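Source: prediction; values computed, not measured.
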Amino acid sequence: VFKEFLSLHLDSKAEEFFIPELIQHLTDSGIAKVAVLASNSQWFGVTYIEDKPAVQDAFSQMIEDGYYPETLV
């Protein structure tokens with residue numbers, strides 16, 4: 001599915017590959033099973049370059065609050 005997407009949209013910066021569509025394909029075809037886990041954690045989406053600073057700020061705050069260590073690796 002991803003290879004097909006790339007072959008059709010390799011030169012486009014506007015097209016998006018939707019991971020949920022891939023997951024649906026994998027589950028429908030019996031290739032994969034998916035378990036959904038509940039979480040109370042904050043979710044951050046990074047779709048566009050403009051999203052990056054806000055997410056970086058949020059992670060910096062979580063590190064400052066002790067939720068994450070300063071070095072994750």
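Other residues, nucleotides and ligands contribute at most 12 non-hydrogen atoms within 6.0 Å of the CD1 atom of I49. Atom CG of L8 is surrounded by more than 12 heavy atoms from other residues, nucleotides or ligands within 6.0 Å.
The shortest heavy-atom contact between T27 and V34 is CG2-CG2, 3.6 Å. Across all their heavy atoms, E16 and T47 have their closest contact at OE1-CG2, 3.4 Å.
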Tell me, with the steps shown, if F44 and Q56 meet side chain to side chain contact (heavy atoms under 4.5 Å, CB included).
-> CA-CA 10 Å; F44 299 97; Q56 285 177 312; over 6 Å; no

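F2 places none of its side-chain heavy atoms less than 4.5 Å from the side chain of L22. Taking 4.5 Å as the limit, every side-chain heavy atom of F17 sits out of range of all side-chain heavy atoms of H9.
H25 meets the ring-ring contact (aromatic ring centres under 6.0 Å, His included) test with no other residue; sequence neighbours excluded. In terms of the ring-ring contact (aromatic ring centres under 6.0 Å, His included) criterion, residue partners of Y68 (sequence neighbours excluded) are, by chain and number, F59.
With rounding to the nearest 0.5 Å, the separation of CG in L6 from CD in E4 is 10.5 Å.
By the criterion of side-chain heavy atoms lying less than 4.5 angstrom apart, applied directly or through intervening Ile, Leu, Val, Met, Phe, Trp or Tyr residues, I31 is grouped together with V1 in one hydrophobic cluster.
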